[in-house]
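We name chains A, B, ... by the order of the sequence lines, and we start the count at 1 in each one.
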Amino acid sequence: MSENLIGYIDDQGKIIDTQSAGENCTATPIEYDNSDASLEIVRHSTAHLMAQAITELYPKAQFFVGPVVDEGFYYDFRVDETIGEGDLKAIEKKMKELIKKKYKIEKYEMSKAEALEKFANDDLKQKVMERIEDDILSVYKQGDFEDLCRGPHVPALRFLHNFKLTRVAGAYLGGDEKAEMLTRIYGIAFADKETLKAHLHMLEEAKKRDHRKIGAEMELFMFDESAGPGLPFWMPKGAKLRYKLESILHKAHLTRGYEPVRGPEILKADMWRTSGHYACYGENMYLTTIDEQEYGIKPMNCLGHIQVFKQTPKSYRDLPLKYYEYGVVHRHEKSGVLHGLFRVREFTQDDAHIFCEPDQIAAEVLEVVEFVDSVMKLFGFEYSMEVATKPEKAIGEDAVWDVATQGLKDALDGNNLPYTIDEGGGAFYGPKIDIKITDAIGRKWQCGTIQVDFNLPERFEVEYVAADNSRKQPVMIHRAILGSFERFIGILTEHYAGEFPFFLAPTQIIFVPISDSHADYAYGLKKKLLLEGIDSEVYDKNDSLNKRVRNAEKQRVPYVVIVGDEEVKNNTVAIRDRRNKEQYNLTQDEFMVKLTKQLQEGKI
RNA sequence: GCCCAUAUGGCUCAGGGGUAGAGCACUUCCUUGGUAAGGAAGAGGUCGUGAGUUCAAGUCUCACUAUGGGCUCCA
């Protein structure tokens, strides 16, 4: 038996640890390394080692569950003391001490009845066992420490050298908001020191891309305590960036047959009652009273678009009719979930509603999916799609839901587009396809969404005249591609680490005149560029040339352009191309052609 | 909302009971320099807010506010 054998993996991909496998196990051996199977065992055992250390430091600690997760492992437990980040070091130290004791990890089994008896004094273990259906339970033992556990585990503690406890957090027992809150400690483990170090380094690098940090450095956006949480302010640089993104999207909508509309920011509460928002979404809405009338600030833009649609009679010839709006919405998100631009209380959706006949749904959904794809390609994003089904709080009949849900699936299936299912994740008025983007540190964020809705047209008696002169009800497809400008710009910032492509960069060029006498030439160029829709700055402060070049370079601007006697005389520019890391000279005309061409790259 | 942590000039951070420090940024002056920090002088904070303990509080306690890490991944 190899010294590095820590388990086996059978034909079904199930991991069997050495404690469970017999002497003559024929399954494929798992060696101690950084493979997925190996790390799963190692991390699970490290979670146990941590629990053992916590038991020694906090003898009264009671443990709930300690699974392996995507990014390592955690253990949930209850202690009387409060444990902070500062306590992690002590726990790590204790873990290292325990490793030196060279315990073997042993396994034994007992009936569920015996286990219930054995852990009779531990209500958390009782809760764990409630959720287990098996009749035979296993217990793992290392030194004095015993824990009910399904395994798998490494044979001995010596395999657990390379770990790091990363954070301490609170977590509800069983993820239930109404349940007690336990303490959770997260950690990560690898098979060797180098990989652990590399992983921690990667996390550090990801932190540098954090849009909150870059947003402050580049003066894109800000929050203000006196204004309120989750309410972003756009500073000039951020507003320029946003304006560029909006412009790109405007054209993209117009060329795809969408028409702009705009609804009011607040509507009478009765309208929200009719729509179902009051009942299903009321707790997230901001309500106010004006002249003894209750009003609701819009959390969605649908109602405005419906009213516009209803204003004039519509024919089947008008369908599909696509209205779009950069709709500002307000939603009362729980204070604890606010997160930079990713989760705010006021944001602007790139929202559209497509009114169409039922047999047009598939084609329209597909067209939206293609729109999404071209936007994501423009920015080089990986994304995934998810079909979300009927949630607990919902309006409309099941049969209608089934038709709509199937419609979405058919549109994707028919075109071989991969997707997953999010059971119960739909909007209260209909099922949806969510488009999720992965951010710099692997978190997934919902951006675009496509939702089929039979309910609102019915509730608001939306109609069109069909070919046979009868009145029919259109289907509404709600859709957003970026989701919100706030979140999308946050993700873009991390994606590019602030080094936005030319067509998005808030400042596209910084001119550095060598001396005062060259400033006018630079200002002339700046004006010329502005007429082409290109933003530039002239850095003519009284600093040394070297310093100005250095500072300009640090601004994450695509081009730094130096102008001196040479350039003024020949009508040229000396370019420092940051993106391509090269320097070259161009005539003014060549320069303009190059830049206007680059602007075109932002077309979809 | 809940658990834990954090909160010092525009930014990054030091100071841990005796009435505030550094670097960068900012202002003025000198320097007019050909590609990553030239020099000098100066201004700016009562230490998130409010209470409390103390002869004395950024510094200790409590509350509040804001920010950060989490709250699906099932022995």
Side-chain angles (χ1 to χ4, degrees), chain A residues 44 47-48 51 63-71 73-76 78-79 81-88 112 115 119 122 124-134 137-140 147-153 166-186 207 210 212-213 216-217 219 222-230 283 332-340 422-425 512-519 540-554 560-567 574-576 578 583:
Chain A
H44 197 172
H48 268 237
F63 294 88
F64 187 54
V65 298
V68 173
V69 290
D70 288 349
E71 283 292 299
F73 61 85
Y74 68 77
Y75 219 122
D76 283 351
R78 181 201 289 146
V79 271
E81 299 84 349
T82 57
I83 295 182
E85 307 257 319
D87 300 313
L88 296 183
K112 189 165 179 181
F119 295 101
D122 190 333
L124 287 182
K125 283 288 173 238
Q126 298 287 330
K127 284 218 167 61
V128 171
M129 283 185 278
E130 274 172 26
R131 313 201 301 184
I132 304 172
E133 287 171 8
D134 306 352
L137 304 183
S138 54
V139 171
Y140 282 79
D147 197 12
L148 184 74
C149 181
R150 141 181 96 177
H153 283 291
T166 48
R167 52 191 174 237
V168 48
Y172 293 108
L173 197 157
D176 178 2
E177 236 180 280
K178 294 175 195 90
E180 166 191 9
M181 181 152 278
L182 303 174
T183 303
R184 171 177 296 182
I185 296 180
Y186 283 93
K207 260 191 208 161
D210 192 312
R212 293 164 298 191
K213 185 174 150 64
E217 276 170 20
E219 299 183 344
M222 53 176 261
F223 291 91
D224 185 69
E225 189 177 335
S226 48
E283 54 194 32
H332 184 78
E333 302 288 353
K334 287 189 213 162
S335 61
V337 304
L338 300 175
H339 184 108
D422 176 11
E423 214 59 65
V512 178
I514 286 177
S515 77
D516 289 348
S517 59
H518 313 117
D540 60 347
K541 268 192 359 178
N542 186 13
D543 283 324
S544 68
L545 178 66
N546 280 351
K547 184 168 179 177
R548 285 182 293 140
V549 168
R550 174 185 153 83
N551 286 343
E553 281 287 332
K554 283 171 65 184
V560 173
V561 171
I562 316 290
V563 291
D565 285 338
E566 191 83 355
E567 286 72 28
I575 297 174
R576 284 177 72 105
R578 275 180 44 70
Q583 292 189 31

Interatomic distance, [X] [atom1] vs [N] [atom2] [rounded to whole Å]:
X: A:Tyr186; N: B:C73; atom1: OH; atom2: P; answer: 9 Å
X: A:Lys125; N: B:C74; atom1: NZ; atom2: P; answer: 14 Å
X: A:Leu88; N: B:C3; atom1: CG; atom2: C1'; answer: 14 Å
X: A:Asp210; N: B:G68; atom1: CG; atom2: P; answer: 8 Å
X: A:Asp176; N: B:C73; atom1: CG; atom2: C1'; answer: 16 Å
X: A:Glu81; N: B:A5; atom1: CD; atom2: C1'; answer: 18 Å
X: A:Glu567; N: B:U35; atom1: CD; atom2: C1'; answer: 11 Å
X: A:Glu219; N: B:U12; atom1: CD; atom2: C1'; answer: 15 Å

Taking only nitrogen or oxygen atoms into account, show me every contact under 3.5 Å that the protein makes with nucleotides 28-30 of chain B, one pair per line with its distance.
residue	atom	partner	partner atom	Å
B:C30	N4	A:Asn542	ND2	2.9

Does a side-chain N or O of [X] approach OP1 or OP2 of [N] to a distance below 4.0 Å, or not?
X: A:Arg167; N: B:G70; result: yes
X: A:Tyr74; N: B:C73; result: yes
X: A:Ser544; N: B:G38; result: yes

Applying salt bridge (Lys or Arg N to Asp or Glu O under 4.0 Å), name anything that partners [X], two or more places apart in sequence or on another chain.
X: A:Glu130; answer: none
X: A:Asp122; answer: none
X: A:Arg578; answer: A:Glu499, A:Glu553
X: A:Glu566; answer: none

Report which part of the nucleic acid [X] touches: base, sugar-phosphate, or nothing (heavy-atom distance under 4.0 Å, all strands).
X: A:Gly336; value: base
X: A:Ala574; value: base
X: A:Ser226; value: nothing
X: A:Gly564; value: base
X: A:Arg131; value: base
X: A:Val69; value: base
X: A:Val560; value: nothing

* Asked: Expressed in whole Å, how much space separates the P atoms belonging to B:G18 and B:U59?
  ->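 Per the computed distance, 12 Å lies between those P atoms.
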* **Pairwise C1' distance for B:G21 and B:C55, with rounding to whole Å** =>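 To the nearest whole Å, 27 Å.
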Heavy atoms from C-beta onward define the side chain here; which of [options] lies closest to that of [X]?
X: A:Ile562; options: B:U32, B:U35, B:C3; result: B:U35
X: A:Val168; options: B:C71, B:C4, B:A36; result: B:C4
X: A:Asp516; options: B:A36, B:C74, B:G33; result: B:G33
X: A:Asp70; options: B:C73, B:A36, B:G34; result: B:C73
X: A:Val337; options: B:G33, B:G34, B:C71; result: B:C71

Quick one: list whatever passes side chain to side chain contact (heavy atoms under 4.5 Å, CB included) with [X], sequence neighbours left out.
X: A:Lys554; result: A:Arg550
X: A:Asp540; result: A:Pro513, A:Ala519, A:Tyr523, A:Val538
X: A:Leu182; result: A:Phe64, A:Asp76, A:Arg78, A:Leu124, A:Leu173, A:Glu180

* Look at the aromatic rings of A:Tyr140 and A:His48 and report parallel, tilted or perpendicular, splitting at 30° and 60°. =>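 Taking A:His48 first and then A:Tyr140, their aromatic rings stand perpendicular (interplane angle over 60°).
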What protein N or O atoms touch nucleotides 64-67 of chain B N or O atoms at under 3.5 angstrom, if any, and at what distances?
residue	atom	partner	partner atom	Å
B:U65	O2'	A:Glu225	OE2	3.0
B:U65	O2	A:Glu225	OE2	3.3

* Starting at the 5' end of RNA chain B, which residue's closest nucleotide do you reach first, A:Asp147 or A:Lys334? ->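 Result of the comparison: A:Lys334.
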Looking only at N and O atoms, is any donor in the side chain of [X] or the base of [N] less than 3.5 Å from an acceptor on the other one?
X: A:Glu85; N: B:G68; answer: no
X: A:Arg548; N: B:A37; answer: no
X: A:Asn546; N: B:U35; answer: no

* Is there a donor-acceptor pair closer than 3.5 Å between any side-chain N or O of A:Lys112 and the backbone N or O of A:Ile132? ->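 Side chain of A:Lys112 to backbone of A:Ile132, a donor-acceptor pair under 3.5 Å: yes, one is there.
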* Chi class for B:G16: syn within 90° of 0, otherwise anti ->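 Here B:G16 takes the syn form, which means its glycosidic angle is within 90° of 0.
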* To do: Assign B:G58 to syn or anti; the rule is syn for a glycosidic angle within 90° of 0 and anti otherwise.
  =>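 The base of B:G58 is oriented syn (glycosidic angle within 90° of 0).
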* Using ring pair (Phe, Tyr, Trp, His ring centres under 6.0 Å) as the criterion, list what pairs up with A:Phe63, not counting sequence neighbours. =>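 Result, ring pair (Phe, Tyr, Trp, His ring centres under 6.0 Å) vs A:Phe63: A:Tyr75, A:Phe77.
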* Identified salt bridge (charged side-chain N to carboxylate O under 4.0 Å, His left out) partner of A:Asp210 from the options A:Lys213, A:Lys207, A:Arg212 ->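 Of A:Lys213, A:Lys207, A:Arg212, salt bridge (charged side-chain N to carboxylate O under 4.0 Å, His left out) with A:Asp210 is met by A:Arg212 alone.
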Quick test: give all pairs of protein nitrogen or oxygen and nucleotides 25-27 of chain B nitrogen or oxygen below 3.5 Å, distance rounded to 0.1 Å.
residue	atom	partner	partner atom	Å
B:A25	OP1	A:Lys547	NZ	3.3
B:C26	OP1	A:Lys541	NZ	2.6
B:C26	OP2	A:Lys541	NZ	3.2

* Where does RNA chain B form stems of at least three consecutive Watson-Crick or G-U wobble pairs, each pair having both distances below 3.5 Å? ->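 Expected stems, ordered by start: B:1-7 with B:65-71, B:10-13 with B:21-24, B:26-30 with B:38-42, B:48-52 with B:60-64.
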